[in-house]
Each structure stands twice: as structure tokens, then as C-alpha cells.
Novice: 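Dumping the structure here so I can ask a few things about it.
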There are 2 protein chains.
Amino acid sequence: MVTYGRVRMEDVARQAGVSVATVSKVVNGRYGVSATTTARVADVISELGYEASLGARSLRSTRTGILGVLVAEFEPFSTELLKGVSGAMADTDYELMAFAGATHGETVGWERRSLRRLGGTLLDGAIVVTPTVIEPGAAVPVVAIDPHTGSSDVPTVDSDNVGGARSAVEHLIGLGHTRIGMIRGREDLESARLREQGFRQAMAAAGLEVDETLLATGSYRSESAVAPALLLLDRRDRPTAVFAANDLMAIRTVEVARTLGLQVPADLSVVGFDNIPESALAQPALTTVAQPLREMGRCALDLLLSLLAGEELAQPHVRLDTRLVERASTGPPAPGRL
Amino acid sequence: MVTYGRVRMEDVARQAGVSVATVSKVVNGRYGVSATTTARVADVISELGYEASLGARSLRSTRTGILGVLVAEFEPFSTELLKGVSGAMADTDYELMAFAGATHGETVGWERRSLRRLGGTLLDGAIVVTPTVIEPGAAVPVVAIDPHTGSSDVPTVDSDNVGGARSAVEHLIGLGHTRIGMIRGREDLESARLREQGFRQAMAAAGLEVDETLLATGSYRSESAVAPALLLLDRRDRPTAVFAANDLMAIRTVEVARTLGLQVPADLSVVGFDNIPESALAQPALTTVAQPLREMGRCALDLLLSLLAGEELAQPHVRLDTRLVERASTGPPAPGRL
DNA sequence: GTGAAAGCGCTAACAT
DNA sequence: ATGTTAGCGCTTTCAC
């Protein structure tokens, strides 16, 4: 007969006829409890279905065995990373908790808040995805994925943003585009800065001048692409191609183009960045720069585990390669508009 | 000057020259603190960057403002649901935590464990994804997505599994297949049972006999499809089409087929279930039955919010529609094998 | 080998 | 308006 509801250690203790201290020792496998008592307590524990409250336990003991992935919200980018971390977690002693910190519209500082609320007590370590502020010295080891601009001693994982962006724009140029716009990403993120840099490098290498009025800024969020896309596309001398700093904005740009009566890729080519699974589902399927998102998650976990093991990191900044994935959202510019 | 590291309420109290009780009142917006004191404490809080520890707070107060999504692991199915929940979360007062409970290989009972560890203290309520056991009466309100077989008073969200499966098999039959195999899902889940039922209904409706040796069982996990797929495909009288109970297994089945030298869909048609984003990325793109995963997540949250608001649920079991998505993994059977 | 007692950081009565 | 006090459920000395 299993009893449900909140079962406390005290309930187990009473039923087993021992003190809570003894139950605690059994639960945590400490020495100094007779085999008989251990067995009896274990029996009561499974009979009552007891599990120690994480909140209470975390308050008292330093180690909780839980690692956190701190994200602003659960969207395609962060969940891909999460899949990577989760998959790599199986080989470890840790468990995984993911926390969405920007649910109330905080666009900045959510990860600091999350880190302070969870770090030190609930979490033994954390992976922070696209942090908004530089946070030197948290209460627990931290690794950042797609970090904030500016130097910091936090170990990071990212991908070759410059090279990736360059390959995207080179692809457009190779198709014959010369009038190319860009929708930039969240200004505080290193990745956004680097993707713009790659864009400029590719243009320069091809001897093309960048029309600064063809650059607009979003925040990586889907809705944030609407205004910039309209800005770029709702004008007579619109570009024949747009490089959006991430897939979510690229997909939204295609939708905006459609509302403007533009066909993609006939009237407008669009390239994204990330290769979230949704990019393949988009209509038309999105040409994009693939980041190895799951591998980035795995990598971040490896770094964190090293940190937790007290090891010196050989490579505190890991950068992974990107790869252009050509799908259906890009093509040669319309002859008349070349 | 911001100080990092673990800042406790006591530190704030000392620096502001008040007691911790007063700080607590300020933090929680309780009445009975003068405007001057409130301002001074608030200043110190932001100066020190104080955030209350979730562990400590949850121990004392009943409400934490945090809802949990409890999953076995973060894979495409659960993360889609997570996206749905996360998106709907913005309109609420709650924050979202996701917890992977089966990281140490527990295939059964992980959600009971998670619920006991987190429920009652850390979480105000929880959404449990594909639970393995029936859990009447947890410490907090609970909603299940894709529930366990067997009646239970836990409110649930699922989709039209029977109808979806039927449409998948009807699609195969419509293409001319008569020898159709199935890889079933996790036996303890209602959805697996219902999908098999849909399979049988469609076969019966078409006057086709089900060859029981063409039914094998997986667990919804990708690897679990390898043995069943080999069982079905590595024989002379193999089926010309296979309906896999979910996309992960369907995609793996295509891979197994390929290792056997079979072309999909020329030699073998494969249909999945779920329409996880990965199904569109598969080679060939997978024909599948779409569940409205994000909407299911939203729905589950709605139910949970009603429960938390103490409302009586008009609809404790929500069932959403499915839809067949025809892609490239299905086609007519090879003429010679009809 | 076992239990009593202190305390983790916080909240909530209850005094003052 | 503020502080004192008593826990929340657990772990951890330290007595016995």
C-alpha cells in the first residue's frame, strides 16, 4: 500500500522507529548505520514512496547533483542546445534542470537573476544560453553558450560566426546578388556582431559596397524581424537578397515578404543562421548556416564537468565549425532587377 | 559597484541597518514598512544584486510561482511540448522550470520521483509528459500529456491517436500497400495502445488481414526501433510498408532499411507519428501524422492554471486533432512485390 | 550505532 | 513600523 501526498523524512523515521538523523544517513548512504536498521528504513522508504525534498536538501548540503541550463525562454535555438546537453548527461552523475528566466518580459539580466536564485543552493553548476550581461564570479561554475560581447573569464562555447556569415553571403553573391540587405541580431551578443562582420567581409571580398540603409536590427526573436524586414523590403530599391542573423528572423522575413507580394526566392532570396529544425519545415525550406547546436550543448556540458571536477580548462573558449545548408529560399535574382 | 558571490538576506539586512524580517517584507512587497526603509533596502538589494534563494524560499512559503514540466529526457517530442508551454507562459504570473527525470536510466517511475522531489516545495504545479505510472494525488496540481494507460483522475491532454493512426495506414493502403507492418510504442502508454488500435481499424476497414508477425514493439526511443525494424525487414516476405508509432522510431526504421539495402520509398514506405521538426529534416522527409504538439503544451498549461485557480475543469481530458502530413517516405509498392 | 541539537536562508506570526 | 521568534525539511556535528 503506497501512501501519496507529501511524505517527510520524519514520517519515515516515525514508522521505522528511528530518528530522522538515521533516515538521512540511510538516504545518503553514510556509514554508521547497522545493516538491520538500514534495511528496515529502506523498506519504509519504498513503502511510503519517500523522496527527499530538493528544496530542503539543497539548503543544507552543498552538492545537489543538479546542473542547470538557464535560458531566456524555450524556443527552437535553446531547445536544440538542451537536447545536446540532455543527451550527454546520461554518462554523468548529474541531473538536468532547465529554467526559463525571461518569462516576465525581462529582456536583460534574466540570467543573473536565475543564477542567483538557483546557483549555490539548487544547482551545482549552470550553462547559460545567450547571456545578456557579463557576470564574473557566480556562486557556482558557469559556462556560456553564444556569449555576450566583451571579454570575460567565463568559459564559452560558440561557433564560427564570422565564417558562417561569410559563407551565407558568398552564397548569395555566387547566385548573382549584389544588392544584399542584412537583419542583424541582438546587439549585445557577440554572435550578432560577428555575423555582421562576416557579412561585411564577404561583401568587401567581392568588391561590393555595403549600402548601410540596407542594414536593420532585430533581436533574434521572430517578431523582432517584422519592422526591419518592412524597412528593407517595402521600398522601391529593395535588396534582392537578405541575410538574417538567425533562422527565426529569416523565417519571419519570408512571411513579411509574402505579405508584400514578393515571391521567395524568385523576387527575394533569404538566408538564415542556426539551422534550427524549423528552418527545414519553413515554406520554402530555408537556406541557412548550420551551427552544430547539439554538439555545442554537449561541449558546454563537457566544459562544465571539467570545471566541477576542478580541472584546469585547456580550451576555455570552444568554437565549432559552421556549414552552409542550401535549401529553397535562395536563388538567382530576377533578371530585371540585377 | 556590484558584489558577486552568494549574497544572503542577512547581508542586505546588515548593510541597510534593518532586520532580515524587514528585508523579507520589502522583497515580498508586504505592508508595514515605511517608504524610507523600503527605498533604502531596495537600494542595498540592487547594489548587492541580491536575489532570494529559491531553495530557501520554497521551504518556507507555499507559493513559489514556478510551474514545472517533468520529462524523462529532453528529446524532440518533449521539447516541442516545452515550446508550447513556454510560449503560453508569458501571459501568466508563473515561471517555468523543466526537469529531466530519467537521466540515470530509470525507465519507470521517474515522474513520481521528480514530482516528490520538486512538488510541494519547489513547484506550485506540474505538467508531466508521458508518465510511466498512475499517480493519484500528488502534493501539487498535475496535468499529464500523453498519459499512461488506465483510468486516473489526473487531467490529461492528448491527441486523436486512433484517428491519426488510421489515417496513416489508410494512406498506405490508398497507395496500394497490403502487406503493412507496425512498430508499436511504449507499451504502458495509452497512445501506443490507441495507435495500434487505429492501425487495426484501418486494416479491417480495408478488408486486410493483420499478419501478427509483422507487428513488433519499441519504446518510442530511437534505438528501440533497431531490433523491431530488423525483425520486420530482414526477411524474405517483408512488408512493403511500415507504420512506426512515432517519428523517432520511423526515422530509425528508414536508417535500418537503408543498411539492408532497401530504398525508401521505392522498396519500403514508412510513416511516423508526431511530426517532430526532425521528421521534415530526415532523408527522405518523413510522411507522418502531425500532433499539434505546441498546442498540446498550451492546453496542458491552461488546464494546470485552472486547477491552480481552484476552478472545476469542464473538460478534464482534452483531445486534439491530428493531421496526415504526406512527405517523401511513402509511395506505391514496387510492382513486383504487390 | 543512534539520536539530540544546531542551522542552511528564508517567511510569517507575534511582540514591541 | 520594526524586530524577535519559530520553524519549513533536511544534513551534520557531536554526544551518548
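Residue numbers begin at 1 in each chain, while the letters A, B, ... track the order of the sequences.
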Novice: Considering every strand and a 4.0 Å limit on heavy-atom distances, what is the contact class for S34(B): base, sugar-phosphate, or nothing?
Specialist: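 S34(B): backbone/sugar contact only, no base atoms under 4.0 Å.
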Novice: Could you check how far CZ of R60(B) sits from C1' of dA6(D), rounded to whole Å?
Specialist: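 The answer, rounded to whole Å, is 7 Å.
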Novice: For A21(B) and for E10(A), find the nucleotide of DNA chain D with the closest heavy atom, then tell me which residue's nucleotide is more 5'.
Specialist: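 The residue closer to the strand's 5' end, by nearest nucleotide, is A21(B).
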Novice: Polar atom pairs between nucleotides 14-16 of chain D and protein, under 3.5 Å, N or O only, would you list them?
Specialist:
none

Novice: Have a look at L305(B) and tell me which of D91(B), V143(B), T92(B) forms a side chain to side chain contact (heavy atoms under 4.5 Å, CB included) with it.
Specialist: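 With L305(B) as partner, side chain to side chain contact (heavy atoms under 4.5 Å, CB included) holds for just one option, T92(B).
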Novice: Would you indicate what V27(B) reaches in the nucleic acid, counting non-hydrogen atoms under 4.0 angstrom: base, sugar-phosphate, or nothing?
Specialist: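 If one applies the 4.0 Å heavy-atom cut-off, V27(B) turns out to touch nothing in the nucleic acid.
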Novice: Would E95(A) and R117(B) satisfy side chain to side chain contact (heavy atoms under 4.5 Å, CB included), going step by step from the backbone distance to the final call?
Specialist: CA-CA 12 Å; E95(A) 294 183 283; R117(B) 297 207 296 165; 2.5 Å; yes
Novice: Round to a whole Å and report the spacing from OH of Y31(A) to P of dT12(D).
Specialist: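 To the nearest whole Å, that distance equals 15 Å.
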Novice: Kindly check if the number of other-residue, nucleotide or ligand heavy atoms within 6.0 Å of CD (E223(A)) is above 12?
Specialist: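 It does: E223(A) CD has more than 12 such atoms within range.
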Novice: Can you give the first and last nucleotides of DNA chain C, 5' to 3', that have an atom under 4.0 Å from a heavy atom of chain A?
Specialist: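 So the outermost contacting nucleotides come out as dG1(C) to dG9(C).
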Novice: When the side chains of residues 80-90 of chain A are checked against the rest of the protein, which donor-acceptor pairs come out under 3.5 Å, sequence neighbours left out?
Specialist:
residue : atom : partner : partner atom : Å
E80(A)  : OE1  : R294(A) : NE           : 3.2
E80(A)  : OE2  : K83(A)  : NZ           : 2.5
K83(A)  : NZ   : E278(B) : OE2          : 2.7
S86(A)  : OG   : F74(B)  : N            : 3.1

Novice: Check whether E311(B) reaches the backbone of L313(B) with its side chain - one donor and one acceptor, N or O, closer than 3.5 Å.
Specialist: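 Not a single qualifying donor-acceptor pair exists.
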Novice: So, does D124(A) use its side chain to make a donor-acceptor pair with the main chain of G65(A) at under 3.5 Å?
Specialist: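 Checking the backbone N and O of G65(A) against the side chain of D124(A), a donor-acceptor pair under 3.5 Å is found.
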Novice: Just how large is the angle between the end axes of the helix from dG1(C)-dC16(D) to dT16(C)-dA1(D), five pairs per end, to 10 degrees?
Specialist: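 Taking five pairs per end, the axes differ by 40°.
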Novice: Can you check the Y50(A) OH to dG9(D) P distance for me, whole Å?
Specialist: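 Distance, rounded to whole Å: 10 Å.
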Novice: If you check every side-chain atom of S19(B), which of dC10(D), dG3(D), dT2(D) has the closest atom?
Specialist: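 Per side-chain heavy atoms of S19(B), the pick is dG3(D).
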Novice: Any side-chain donor-acceptor pair under 3.5 Å between S78(A) and E75(A)?
Specialist: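 Result is yes, a qualifying pair exists.
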Novice: Can you tell me how far P of dG9(D) sits from CG of L118(B), to the nearest Å?
Specialist: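 The answer, rounded to whole Å, is 16 Å.
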Novice: Just call it for T121(A): base, sugar-phosphate, or nothing, with non-hydrogen atoms closer than 4.0 Å on any strand.
Specialist: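 The residue T121(A) makes no contact with any strand.
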Novice: Could you tell me whether a side-chain N or O of T156(B) sits under 3.5 Å from a main-chain N or O of A144(B), the two making a donor and an acceptor?
Specialist: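 No, because the side chain of T156(B) does not come within donor-acceptor range (under 3.5 Å) of the backbone of A144(B).
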Novice: Ignoring hydrogens and angles, tell me if any N or O in the side chain of R30(A) forms a donor-acceptor pair with the backbone of N28(A) under 3.5 Å.
Specialist: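 It does hold such a pair.
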Novice: Between S61(B) and R40(B), just flag the one whose closest nucleotide in DNA chain D comes earlier from the 5' side.
Specialist: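 The answer here is R40(B).
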Novice: Atom CZ of R30(A) and atom C1' of dT13(D): how far apart are they, to the nearest Å?
Specialist: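 Result: 12 Å.
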Novice: Start with the C-alpha distance between R40(B) and D43(B), add both sets of side-chain angles, then the distance that settles salt bridge (Lys or Arg N to Asp or Glu O under 4.0 Å), and finish with yes or no.
Specialist: CA-CA 5 Å; R40(B) 185 153 34 92; D43(B) 278 357; over 6 Å; no
Novice: Under 3.5 Å, is there a donor-acceptor pair between the Y220(A) and T130(A) side chains?
Specialist: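 Note: Y220(A) and T130(A) side chains miss the donor-acceptor criterion.
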Novice: Within the distance-only criterion (no hydrogens, no angle test), does the side chain of E73(B) pair as donor or acceptor with the backbone N or O of A102(B) below 3.5 angstrom?
Specialist: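 Pair absent, no side-chain N/O of E73(B) close to backbone of A102(B).
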Novice: Go through residues 52-59 of chain A and report each residue with a non-hydrogen atom lying under 4.0 Å from DNA chain D, sorted by number.
Specialist: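 Here the set is A52(A), S53(A), A56(A), R57(A), L59(A).
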Novice: Not counting sequence neighbours, which residues clear side-chain contact (heavy atoms from CB on, under 4.5 Å) with A21(A)? List them please.
Specialist: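 Applying side-chain contact (heavy atoms from CB on, under 4.5 Å) to A21(A) gives S19(A).
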Novice: Using the rule given for side chain to side chain contact (heavy atoms under 4.5 Å, CB included), can you reason through L293(B) versus F77(B), listing the C-alpha separation, both sets of side-chain angles and the distance that settles it, and then say yes or no?
Specialist: CA-CA 8 Å; L293(B) 297 176; F77(B) 179 78; 3.4 Å; yes
